[in-house]
Amino acid sequence: MARVLSGIQPTGALHLGNLLGAVRNWVEDQHRADSYFVVVDLHALTVPKSPEVLRRSTVEMATLLTAIGLDPDVCTLFVQSHVPAHAELSWFMECTAAFGELRRMVQFKDKSDRAEFVSAGLFTYPALQAADILLYDTDRVPVGDDQRQHLELTRDLAARFNARYGQTFVVPEATIPRAGARVMDLQNPTDKMSKSSSSEAGIVYVLEDLEAVVRKFKRAVTDSESEVRYDIVAKPGVSNLLSILAACTGQDPASLAEGYSQYGPLKADTAEAVVETLRPVQARYAELSADPGAMTAILAKGAEKAAAVANLTLTRARDALGLLPRG
Ligand code: ATP
Ligand code: LTN
């Protein structure tokens, strides 16, 4: 069976982009592949944050992933720092990656331009991500479009390590969904919807009050024409609404466009489709958060299953590098 792995940082609240671009596809993947989903708390440390907040958001993210449909009896759900092999393999990846290669990463350029304090960890972030993936002999990595470059780097690092030290890692592929791969900000539809975006009005959160969600769609930026057409370059706002509606209803954005002659009904239908997508998730989240002990147990079991696989790969990599066997 194919192996699938993906990860998400426990930072900020999950938004519609994360849901449609990534997490929703994981729910389907878990039934088709041997799947690993990891809350990457070590990645979250690349930007300084309060320990209290990190602790709380790690549990919240795991709970939310479960509410969206990841089933701990079907997939392996765990926290990155619970499996120490990630940090160790990450060092091997840092020594495999070239400085110039990491410097070209768009996410680093973006985040370091905006940050007051740029940690060395923010720079080596993709090496840790490569470690996350390679430890599990991963065939496929379902992510949103913004992770394409990190996945290319992971492939390059795996191939380079294999060429230098002998066959050790599976070279993974990215799977990027057609609909929802790039959900844009409702107020600035040429920017991706992002936790770090400037306007609250442009982001829709998975746990947001549903009436507020409807209001945000009503106020979404479109353009001064009135024609409904799927054209990302000329009509980014309208196309974003069509993409979101398509992702929520499993249809094609270009054919959906044919059904509308005005912006108002398109906004209303998109809002409604999003509300119906979010409603059951919110209900399930409320149920699950009532029992935080259950989540702790799920994560402990997940870490144990993950470590059993990761430690085998780590031993193989250590041996390939010429590090002396332990113990
Ligand atoms: P940040 O704004 O801090 O970069 P983020 O909102 O991009 O964070 P991540 O935690 O980096 O969120 O991403 C988690 C997953 O969600 C990744 O697979 C990413 O590709 C996907 N994703 C993030 N934003 C979008 C978006 N706007 N559209 C589609 N997928 C997205
Ligand atoms: N860098 C990713 C999160 C991430 C990830 C991973 C995704 C960390 N490790 C492994 C896929 C596989 C992000 O910023 N969204």
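Below, all heavy atoms of this structure are taken into account, side chains as well, without hydrogens, waters or symmetry copies. Indexing begins at 1, ligand by ligand and atom by atom, following the structure's order. Note that the structure is predicted; figures quoted are calculated from it, not measured.
In summary, the atoms of ligand 2 found under 4.0 Å from a heavy atom of S6, numbered by their order in the structure, are 11 (C), 12 (C). Here is the list of ligand 1 atoms found below 4.0 Å of a heavy atom in M193: 24 (N), 26 (C), 27 (N). Ligand 1 places these atoms under 4.0 Å from at least one heavy atom of G21: 29 (C), 30 (N). Short contacts between ligand 1 and S194, defined as distances under 4.0 Å to a heavy atom of the residue, involve ligand atoms 1 (P), 2 (O), 6 (O). Which parts of ligand 1 touch Q147 is read off a 4.0 Å heavy-atom cut-off, strictly below it: atoms 20 (O). When each atom of ligand 2 is checked for a heavy atom of L5 under 4.0 Å away, the hits are 10 (C), 12 (C). Using a 4.0 Å cut-off to heavy atoms of V40, the atoms of ligand 2 that qualify are 8 (C), 9 (N). Every atom of ligand 2 is numbered from 1 in the order shown, and the set under 4.0 Å from a heavy atom of H43 is 8 (C), 9 (N). Distances below 4.0 Å separate heavy atoms of V141 from the following atoms of ligand 2: 11 (C), 12 (C).
The main-chain N or O of A271 is never found under 3.5 Å from a side-chain atom of K218 such that the two would form a donor-acceptor pair.
Of the listed residues (D146, L151, D145, V143), the one carrying the non-hydrogen atom nearest atom 20 (O) of ligand 1 is D146. Comparing Q107, Q9, Q147 against atom 13 (C) of ligand 2, the shortest heavy-atom distance belongs to Q147.
M184 does not count as a contact of ligand 1, since none of its heavy atoms falls under 4.0 Å from the ligand. Distances shorter than 4.0 angstrom occur between a heavy atom of K111 and an atom of ligand 1.
Neither side chain, S35 nor D29, offers a donor N or O lying under 3.5 Å from an acceptor on the other. Side-chain contact of Q30 with D71: a donor-acceptor pair under 3.5 Å is absent, judged by distance alone. A donor-acceptor contact closer than 3.5 angstrom links the side chains of Y205 and E200.
Between T138 and V170, the closest heavy-atom pair is O-CG1, 3.4 Å. P126 approaches L102 most closely through the heavy-atom pair CG-CD2, 4.0 Å. Scanning both residues, L241 and K267, for their nearest heavy atoms gives CD1-CG, 3.8 Å. Contact record, D34 with M1: N-SD, 3.3 Å, taken as the closest heavy-atom pair. The two residues A44 and P10 come nearest to each other via the heavy atoms CB-CD, 3.9 Å.
Using a 4.0 Å cut-off between a side-chain N of Lys or Arg and a carboxylate O of Asp or Glu, E304 and K301 do not qualify as a salt bridge.
Here R182 has backbone heavy atoms under 4.0 Å from ligand 1, and that is the only part of it that gets that close. Contacts of I133 with ligand 2, taken as heavy-atom pairs under 4.0 Å, involve the side chain alone. Residue-level proximity to ligand 2 for V38 is absent, since no heavy atom of it falls below 4.0 angstrom. By the criterion of a heavy-atom distance under 4.0 Å, the side chain of A22, and not its backbone, is placed next to ligand 1. If you look at V143 next to ligand 2, the close heavy atoms, those under 4.0 Å, all belong to the side chain.
In terms of polar-atom proximity, defined here as any N/O pair under 3.5 Å, I8 makes no such contact with ligand 1.
The aromatic rings of F108 and F123 lie perpendicular to each other, with more than 60° between the two planes, well past the 30° mark.
For H86 and Y136, the ring centers are positioned less than 6.0 Å apart.
Nearest to atom 5 (C) of ligand 2 among the protein's heavy atoms is Q129 NE2, 3.5 Å. The protein heavy-atom contact nearest to atom 9 (N) of ligand 2 is D132 OD2, 2.7 Å. Among protein heavy atoms, atom 14 (O) of ligand 2 sits closest to Y125 OH, 2.9 Å.
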key: Evaluation steps, side chain to side chain donor-acceptor pair (under 3.5 Å), between R140 and T175   = CA-CA 6 Å; R140 226 159 44 70; T175 23; 3.0 Å; yes
